[in-house]
There are 2 protein chains.
Amino acid sequence: MKRGEPVDPAAPYLDRLRKAKVKVTANRQRVLGRFLEGDKPWTLQSLHRSLGREFDLSSVYRALSALRTSGLLEEFRLPGEKETFFSLIKHPEKSAAPGARGLGAKTRAHPHHHHHIVCRDCGLVSHLDICVPAGLMGKVEDASGFRITEHHLEFKGVCGNCK
Amino acid sequence: MKRGEPVDPAAPYLDRLRKAKVKVTANRQRVLGRFLEGDKPWTLQSLHRSLGREFDLSSVYRALSALRTSGLLEEFRLPGEKETFFSLIKHPEKSAAPGARGLGAKTRAHPHHHHHIVCRDCGLVSHLDICVPAGLMGKVEDASGFRITEHHLEFKGVCGNCK
DNA sequence: CTCTAAATGCAACTAACTTGCAATTGCAAT
DNA sequence: ATTGCAATTGCAAGTTAGTTGCATTTAGAG
């Protein structure tokens with residue numbers, strides 16, 4: 001990386017879009033821009049509010065949908081929250097192939113497995129690279145008689161700023 | 001407990017309703033009845049379908065709301081599921097004071113802490129008395145800088161019947 | 001610069017609740 | 001057993017969050 005030649009943080013994401021033959025449009029760039037401003041997840045509604053009536057809810061919806069199916073965003077839900085969250089995938093060049101069409105469609109892609117912690121005061125969501133110990137899985141399978149195929153672990157708390 | 005004198009499993013729940021000065025009506029008894037038939041969580045919609053058009057969706061809604069705020073039911077959401085689930089609290093006489101009004105309102109009550117595993121094929125939900133190891137909490141607090149106040153752990157898999 | 005499949009805006013629609021209001025009913029006090 | 005009335009119910013209408021059809025516009029390959 002040469003000095004004095006600033007790298008566009010959006011570049012790898014736009015590359016990925018082009019590779020997926022998804023047009024790089026103003027709407028999609030504006031939505032992606034919001035995700036690049038910080039490591040903050042957005043919901044359809046929060047993005048729409050944040051972007052003003054500059055463009056339609058359905059456009060935000062379809063931009064999110066396109067970015068998700070192209071593997072730039074991942075989608076998750078939090079217990080107790082009605083809205084679906086989206087967050088930027090860190091290394092789009094490494095993540096798996098795009099999943100099914102439409103929001104809510106199950107992703108076949110497996111973006112780097114992780115969990116979340118949400119601040120109950122300011123709503124900040126952080127990613128956690130920590131996971132459930134393997135031993136627990138065995139215990140759960142024994143206790144329930146199920147074979148486990150996925151798990152979701154979410155924490156709620158007070159972030160460093162709000163403490 | 002005398003032999004030959006069958007105990008009504010609904011009794012402690014009805015007692016709790018009366019204690020909360022909540023009328024014991026036909027609707028509420030029918031809804032409670034479904035929960036007493038098995039250790040199965042229900043959603044507003046699944047209950048409404050199950051009860052037929054015998055009564056209105058809003059009546060099921062308000063029955064659920066009443067049973068929940070009276071501490072007979074607990075409410076939870078599962079990642080990837082749109083609907084809110086309700087399940088019977090095991091020992092209503094032991095659980096904490098009723099929470100706020102209306103579905104979705106944060107409960108102040110703390111029914112016996114537990115997690116769930118859902119069958120991805122038949123939708124069966126089982127309760128798990130297994131929890132996240134305390135050590136993990138510390139690791140998460142260190143890694144994130146948050147102070148943890150709650151956590152949610154949900155498993156998805158294939159149940160004994162569907163395997 | 002042209003052309004066309006893909007993307008957008010608008011409006012309409014769906015799912016899952018949620019609420020206002022008039023009619024009805026559980027149940028406590030006769 | 002009857003009464004009174006606040007609590008509950010049914011119906012209809014409203015809300016939130018998301019989704020889709022279609023006519024118009026546009027990114028970007030050639």
Side-chain angles (χ1 to χ4, degrees), chain A residues 14-15 17-32 41-70 72-73 75-86 98 100-106, chain B residues 14-15 17-32 41-70 72-73 75-86 98 100-106:
Chain A
L14 299 182
D15 284 350
L17 275 188
R18 289 190 198 99
K19 244 173 262 170
K21 295 204 208 313
V22 168
K23 285 184 189 172
V24 175
T25 64
N27 280 352
R28 290 170 182 171
Q29 290 190 74
R30 249 178 307 191
V31 167
L32 178 60
W42 292 90
T43 67
L44 174 59
Q45 308 292 336
S46 70
L47 258 173
H48 183 229
R49 280 190 298 272
S50 159
L51 293 165
R53 77 257 137 258
E54 293 172 43
F55 62 118
D56 191 74
L57 181 72
S58 74
S59 301
V60 185
Y61 175 83
R62 286 194 262 229
L64 282 173
S65 183
L67 300 184
R68 192 197 72 95
T69 60
S70 307
L72 314 211
L73 300 181
E75 178 185 337
F76 60 96
R77 275 164 180 277
L78 260 20
E81 303 285 336
K82 295 196 187 186
E83 294 178 35
T84 298
F85 288 82
F86 294 85
R101 256 144 235 294
L103 297 185
K106 305 291 178 196
Chain B
L14 300 182
D15 284 351
L17 277 188
R18 291 193 195 96
K19 245 174 260 170
K21 296 205 209 311
V22 169
K23 284 186 190 172
V24 175
T25 64
N27 280 351
R28 289 169 183 170
Q29 290 190 74
R30 250 179 307 191
V31 168
L32 178 59
W42 292 92
T43 66
L44 174 58
Q45 310 290 337
S46 70
L47 257 174
H48 182 230
R49 278 190 299 273
S50 160
L51 292 164
R53 77 257 137 257
E54 293 173 42
F55 61 119
D56 191 75
L57 182 73
S58 74
S59 302
V60 184
Y61 174 83
R62 285 194 264 228
L64 282 173
S65 184
L67 299 185
R68 192 197 74 98
T69 60
S70 308
L72 313 212
L73 299 180
E75 179 184 336
F76 61 95
R77 273 163 182 277
L78 261 20
E81 302 285 335
K82 296 196 187 182
E83 294 177 37
T84 298
F85 288 81
F86 294 84
R101 253 147 235 296
L103 297 185
K106 303 291 180 199

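Chain identifiers are assigned alphabetically (A, B, ...) following the order of the sequence lines, protein sequences preceding nucleic acid strands; residue numbering begins at 1 within each chain. Below, all heavy atoms of this structure are taken into account, side chains as well, without hydrogens, waters or symmetry copies.
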In the 5'-to-3' direction, what one-character label does each nucleotide of nucleotides 23-30 of chain D receive under the scheme B = base within less than 4.0 Å of a protein heavy atom, S = sugar-phosphate only, - = no such atom?
---BBS--
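Scanning atom types as modelled, no donor and acceptor separated by under 3.5 angstrom connect the side chain of A/R77 and the base of D/dG18. Remark: the B/S58 side chain and the D/dC11 base include a donor-acceptor N/O pair separated by less than 3.5 Å. Counting atom types as modelled, A/R62 pairs a side-chain N or O with a base atom of C/dG9 as donor and acceptor under 3.5 Å.
Closest of all the heavy-atom pairs between A/R28 and A/K23 is NH1-O, 2.9 Å. Contact between A/R68 and A/L73 at its shortest, heavy atoms only, is CG-O, 3.6 Å.
Defining each end axis of the helix from C/dC1-D/dG30 to C/dT30-D/dA1 as the rotation carrying four pairs' C1' atoms onto the next four, with five pairs an end, the two axes are found to diverge by 30° to 10 degrees.
Under the rule for a salt bridge (Lys or Arg N to Asp or Glu O under 4.0 Å), the partners of B/D15 that lie at least two apart in sequence or sit in another chain are B/R18. Residues satisfying the salt bridge (Lys or Arg N to Asp or Glu O under 4.0 Å) criterion with B/R49, sequence neighbours excluded, are absent altogether. Applying the side-chain hydrogen bond (donor to acceptor under 3.5 Å, both in side chains) rule to B/R62 yields no partners; only residues at least two apart in sequence or on another chain are considered. By the ring-ring contact (aromatic ring centres under 6.0 Å, His included) test, A/F76 pairs with A/F85, A/H116, sequence neighbours left out.
A/T84 comes within contact range of the sugar-phosphate backbone alone, with a heavy-atom separation under 4.0 Å but no base atom that close. Nucleic acid contact for B/N27: sugar-phosphate only, since backbone atoms but no base atoms lie under 4.0 Å from a heavy atom of the residue.
Residues A/N27 and A/T25 have side chains that never bring a donor and an acceptor to within less than 3.5 angstrom of each other.
Of the residues near DNA chain C, A/R30 and A/K82, the one whose nearest nucleotide (by heavy atom distance) lies more toward the 5' end is A/R30.
Nucleotide C/dA7 holds its C1' atom 15 Å from the CG atom of A/L64, rounded to whole Å. Distance, A/E75 CD to D/dG18 C1': 11 Å, rounded to whole Å. Between the C1' atom of C/dA12 and the CG atom of A/D56 lies a distance of 12 Å, rounded to the nearest Å. The interatomic distance linking B/F55 (CZ) with C/dT24 (C1') rounds to 16 Å, in whole Å. Distance B/F85 CZ to C/dA16 P: 11 Å, rounded to the nearest Å. Summarising the geometry, the separation between CG on B/L51 and C1' on D/dG10 is reported as 15 Å, rounded to the nearest angstrom. Distance A/R68 CZ to D/dG18 P: 13 Å, rounded to the nearest Å. Computed from coordinates, the B/L57 CG to D/dG14 P distance equals 17 Å when rounded to whole Å.
With rounding to the nearest 0.5 angstrom, the CG atom of B/L64 is 6.0 Å from the CG atom of B/L44. Here CG of B/D56 is found 11.5 Å from CG of B/L51. Values are rounded to the nearest 0.5 Å. Remark: A/E83 CD to A/R77 CZ distance equals 10.0 Å, nearest 0.5 Å.
For D/dT19, one of the phosphate oxygens OP1 or OP2 lies less than 4.0 angstrom from a side-chain nitrogen or oxygen of A/Y61. Taking 4.0 angstrom as the limit, A/Q45 places none of its side-chain polar atoms (N or O) nearer than this to OP1 or OP2 of D/dT16. Distances shorter than 4.0 Å separate some side-chain N or O of B/R28 from OP1 or OP2 on D/dT8.
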